[in-house]
Amino acid sequence: MIIEALIGVTFLAALVVMLAPDRYAGKLAFALSLLPVVGSLYMWAGFDAGGNALMAGSIAYETQLDWLTVAGYDLQWFVGVDGISLPLVVLSTVLSSLAIVSAWTPIDTRQSQFYGLMLFMEANLLGVFTALDFFLWFVFWEAVLVPMYFLIGVWGGPRRKYAAIKFFVYTNIASLAMFIAFMALVFNLPVGSFGLPEITQSLQAGELSSFVGLDPATLKLAAFAAMFAGFAVKVPVVPFHTWLPDAHVEAPTPVSVMLAGVLLKMGTYALLRFNFTMLPDVATRPLVATVIAAVAVVSVIYGAMLALAQQDLKRIVAYSSVSSMGYVILGLIAYTGLGIGGATFQMVAHGLISGLMFMAVGVIYNVTHTRMVGDMSGMADRMPVTVGILVAGAFGYMGLPLMAGFAAEYFIFQGAFASTVIPSAPLFTAASMFGIVIVAGYLLFAMQRTLFGEFSLETDYEVRRAHFHDVAPLAVLLLCTIALGVAPNIFFEMITDAIEPVVAVVGGGA
Amino acid sequence: MDPVLLQADQLPSWTALAPALALAATGLVLIAVDSIDPDDSRPALLAGIATVGSLASLGFAGWFLSAGTGQAGTGGAIALFGDALVVDGMALFFQAVFASVTALVVVASYDYLSDHPYRAEFYSLVLFAATGMALMAAANSLAVAFIALELASLPSYALVAFLKRNAGSVEAGLKYFLIGALSSSVFAFGISLVYAATGSLLLPDVYDALAGGVEGLTGVAAVGILMVAGGFAFKTASVPFHFWAPEAYEGAPAPVSAFLSSASKAAGFALAFRVFVVGFPLDAGIDWVLLFQVLAVVTMTLGNFAAATQEEVKRMLAYSSIGHAGYALIGLAAFTGGAGGDVIGASMAHLLVYGFMNTGAFLFVALAEHWEIGRTFDDYAGLASRAPMASVAMSVFMFSLAGLPPFGGFFSKYFLFMGAIDAGFWWLAAVGAVNSALSLFYYSRVVKALWLDDAVGEFELASTPTALYAAVVFAAVATLLLLPGFAPVIETAQSVATTVVP
């Protein structure tokens with residue numbers, strides 16, 4: 001029942017914080033958010049699942065209760081974690097707590113509502129990463145949109161309304177496409193259930209029947225395409241990425257942290273679960289694999305090029321997310337143990353590092369009131385600790401060894417290079433590696449101009465050092481990044497364990 | 001309570017009408033109390049009586065439903081008065097819907113009527129209309145159907161025109177009355193044609209006569225059925241008899257709009273489900289399902305497009321309520337006989353969820369009218385900073401009406417569309433889904449105004465009316481809890497709907 005407790009406590013915390021007076025809301029929200037952190041670490045400590053939850057593996061902390069039965073279909077309260085979902089659960093709880101701390105300085109209106117919505121979002125994220133019944137999962141999946149809409153729309157920057165509505169409409173339409181595609185699959189399977197394991201196993205046993213003139217293979221292809229498009233918006237990959245920079249730039253810092261750190265992972269997590277685990281025979285078609293790999297490489301390169309062209313630090317980090325998530329897609333389509341494992345590892349690593357970068361940019365903005373590269377220089381003189389952490393984080397982003405980003409990217413490149421699924425895999429892998437060069441380019445370029453050199457920011461207010469509670473979450477994230485870089489096995493072993501069955505289906509190697 | 005106690009041989013069978021009788025008796029008590037001392041106005045007493053009466057009705061309906069009265073397990077439907085009325089699961093389900101909406105509306109009206117004379121009359125009119133609706137759900141004869149429809153409609157006309165010094169209210173009442181009278185006559189004429197063709201007014205007899213074949217009179221029966229459908233289209237505000245709805249909902253006092261657009265509409269569907277499913281066989285050469293397919297598609301599309309172009313929240317809600325009539329019509333449009341009862345059950349469940357979310361939305365408008373902050377989207381701007389809880393409630397209603405997952409409206413719409421797909425009408429579900437996606441646009445405008453827009457001027461909100469506020473919050477909580485608690489609702493609805501199918 002630990003998962004129910006985790007979700008329930010977070011929902012209750014959201015309610016309590018919502019009703020608390022503004023003065024205490026931030027501190028109270030942080031204190032309460034430590035409960036799910038402890039809970040998720042406890043889950044991690046006692047984790048004993050093996051294999052993939054969807055493919056007859058054992059599931060940890062499983063609960064399966066009947067919810068309702070309609071027209072022969074069972075909907076269940078069905079939750080549990082395996083090696084893929086647990087790291088993301090831990091990431092969600094840890095990042096939420098840190099994001100709440102990072103909100104203490106910038107958020108000064110309607111605090112109780114803000115922190116309440118943050119916790120409400122966290123509860124739903126936990127639901128997304130633990131639900132194993134499609135309906136339950138979809139309820140949580142969509143419920144994440146509601147707090148996000150308000151968090152961007154109420155507390156965001158000058159164009160917040162535009163960004164909030166764009167985000168909401170884009171992702172909602174994407175969800176609809178995915179929902180319809182999934183329904184088309186389930187209705188033509190003999191399973192009377194929305195449980196993801198049953199559906200996966202039935203699909204792989206080839207039990208799909210034809211539907212309105214579409215033979216099973218075509219139906220699978222159509223469903224794969226619609227679901228891929230639906231999740232691609234969330235990830236986002238080029239060309240579905242245009243909502244992201246708007247949402248990121250307008251969102252307040254803590255919300256950007258959650259958006260980049262966890263919400264984007266919902267998309268890649270769902271891709272792994274739904275597209276790549278349930279329909280491997282579609283994904284491994286040479287043409288499909290080529291298209292997906294090409295999309296991944298384009299996302300990597302184009303996202304990085306866009307980041308190179310930005311003048312706003314936050315936009316740079318935002319576009320770099322498009323680039324990093326492209327690596328995840330490349331790792332997934334590789335269908336090797338290292339490829340998919342590295343992609344899953346990258347979800348966590350990017351969650352930590354992009355969270356760190358957004359927070360660091362936020363701290364600098366709190367102090368300088370500007371994010372423009374051209375406006376500032378020599379920040380290292382005024383806020384050495386923050387800048388030090390930011391530089392370390394940037395190195396992590398670039399893939400400096402012994403940082404989480406290096407481990408993830410190494411696994412992905414290694415896995416993609418050896419892929420038997422992507423035609424001319426080495427070519428695609430080599431092309432995507434150019435992304436690293438561009439990443440190093442824009443990060444070094446931006447840092448060199450803003451952080452180093454002579455301090456010259458013309459202001460009529462004092463540029464002072466950041467508060468301890470602004471810098472502390474950065475330090476925690478940096479420590480986590482280094483820990484994962486030095487010892488990837490903290491998560492990588494359980495990830496590989498859950499990946500193996502997926503890879504075995506297509507006969508991919510390690 | 002032991003279900004055995006509720007069987008006909010233990011209690012007089014007329015007690016099965018308790019949900020309707022409780023409403024009627026409460027209406028009479030209100031008149032009696034008022035006539036004992038007409039000058040003394042004790043609003044709390046009157047509202048209290050009305051609330052207790054409607055809750056009693058809800059209690060009876062819920063108790064009977066859970067005890068299985070009139071359902072297959074306890075000896076089947078209880079027929080009364082020469083089979084003219086029949087109490088079964090479907091009747092009780094709808095009576096529970098009417099009673100809960102009535103209770104919400106009565107509670108909410110307490111503040112709305114605070115400086116208004118004729119409170120007792122208002123409450124008794126509401127309860128008499130509810131009585132008519134309760135009878136509509138139980139009508140097993142076309143004659144009773146007509147009388148019950150009129151009993152529900154006549155008080156409604158008066159309620160719409162209740163603000164007699166307000167030109168809009170009076171005009172709305174007049175329009176409602178004129179179109180109502182017209183469609184009543186269409187309905188009555190349709191009944192007479194069906195009677196002419198089949199020689200009976202009792203629905204099962206009509207079914208047998210039509211199924212046996214009415215040589216030479218099929219055309220007469222078909223025209224009759226078409227005109228009967230017209231009568232329902234009026235009551236449910238479906239195209240092409242929908243023109244009264246935006247005017248009436250806009251002009252009427254907001255609690256009355258809530259009452260009409262939720263309870264009255266559900267009553268129309270209750271009657272339509274029974275009359276068409278029980279009375280008119282599908283395989284007798286008269287394809288009424290096709291008629292409802294056209295009606296459903298046109299109604300939901302027109303309602304949604306019209307709602308998207310409105311500038312006033314109340315009018316938007318009126319048109320969106322037309323759109324929802326279109327969704328509920330799927331119950332009949334995708335009906336295929338036999339297991340097709342499932343889709344009617346889904347429609348019924350949608351109407352129950354709709355009863356809470358739509359009533360709540362109109363009651364929020366009542367709250368806004370009480371505060372006198374204006375009617376357009378712009379007037380609602382920034383309201384969340386002054387009335388956060390009510391705004392949360394309104395956001396819940398809007399997202400739920402749009403069918404977004406964390407709320408009850410998601411499941412009710414999902415099962416409706418899934419029922420249509422199961423019955424083989426995937427295109428109907430597709431039209432519904434597209435409409436539903438479109439509706440998010442105008443529902444989110446309200447949410448945007450409340451939370452994201454900044455207030456144009458400083459507004460001072462008068463005191464918060466406790467009862468109205470409580471009703472709004474209660475409806476929101478119910479809408480939210482209907483998602484996890486949807487299992488008993490859909491299971492009950494589908495099981496009672498399936499037993500009605502002959």
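To find a chain, count down the sequence lines: A is the first, B the second, and so on, and within it residues start at 1.
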Colleague: At a heavy-atom separation under 4.5 Å, does A:Met18 approach chain B through its side chain, its backbone, both, or neither?
Modeller: neither
Colleague: Select one option (side chain, backbone, both, neither) describing which atoms of A:Asn172 are under 4.5 Å from chain B's heavy atoms.
Modeller: side chain
Colleague: Using heavy-atom distances under 4.5 Å, tell me whether B:Tyr414 contacts chain A through its side chain, its backbone, both, or neither.
Modeller: side chain
Colleague: Between A:Val169 and chain B, which part of the residue has a heavy atom less than 4.5 Å away: side chain, backbone, both or neither?
Modeller: neither
Colleague: Less than 4.5 Å to any heavy atom of chain B: does that hold for the side chain of A:Phe187, its backbone, both, or neither?
Modeller: side chain
Colleague: Which residue out of A:Val154, A:Asp66, A:Val139, A:Leu176 racks up the most heavy-atom pairs below 4.5 Å with chain B?
Modeller: A:Val139
Colleague: Are A:Ser175 and A:Trp141 linked by a side-chain donor-acceptor pair shorter than 3.5 Å?
Modeller: yes
Colleague: In terms of heavy-atom proximity below 4.5 Å to chain A, should B:Leu404 be classed as side chain, backbone, both, or neither?
Modeller: side chain
Colleague: Among A:Phe138, A:Trp77, A:Phe140, A:Phe135, single out the residue with the greatest number of heavy-atom pairs under 4.5 Å to chain B.
Modeller: A:Phe135
Colleague: Cut-off 3.5 Å, side chains only: do B:Lys413 and B:Ser436 have a donor facing an acceptor?
Modeller: yes
Colleague: Measure centre to centre between the rings of B:Phe397 and B:Phe364, then say whether the value is under 6.0 Å.
Modeller: no
Colleague: With only heavy atoms counted, which part of B:Leu483 is less than 4.5 Å from chain A, the side chain, the backbone, both or neither?
Modeller: both
Colleague: Scan side-chain atoms only and decide if A:Thr10 and A:Glu122 contain a donor-acceptor pair under the 3.5 Å cut-off.
Modeller: no
Colleague: So that I know where these two stand, are A:Phe168 and A:Trp243 an aromatic pair - ring centroids less than 6.0 Å apart?
Modeller: no
Colleague: Ring centroids only, cut at 6.0 angstrom: are A:Trp67 and A:Phe194 within range, meaning strictly under it?
Modeller: no
Colleague: Heavy-atom distance under 4.5 Å to chain A: side chain of B:Phe399, backbone, both or neither?
Modeller: side chain
Colleague: Check the orientation of A:Phe182 and A:Phe134. Use parallel for under 30°, tilted for 30 to 60°, and perpendicular for over 60°.
Modeller: parallel
Colleague: Testing the basics here: between A:Leu185 and A:Ala223, what is the closest heavy-atom pair and its distance to 0.1 Å?
Modeller: CG-CB, 3.7 Å
Colleague: Can you say whether B:Phe486 sits under 4.5 Å from chain A via the side chain, the backbone, both, or neither, judging by heavy atoms?
Modeller: both
Colleague: Pick whichever of A:Lys161, A:Glu142, A:Gln113, A:Arg160 has the most heavy-atom pairs under 4.5 Å with chain B.
Modeller: A:Lys161
Colleague: Decide side chain to side chain contact (heavy atoms under 4.5 Å, CB included) for A:Thr242 and A:Tyr170; before the verdict, give the C-alpha distance in whole Å, the side-chain angles of both, and the deciding distance to 0.1 Å.
Modeller: CA-CA 9 Å; A:Thr242 61; A:Tyr170 246 81; 2.9 Å; yes
Colleague: Go through the atoms of A:Ile165 and report whether side chain, backbone, both or neither lie under 4.5 Å from a heavy atom of chain B.
Modeller: side chain
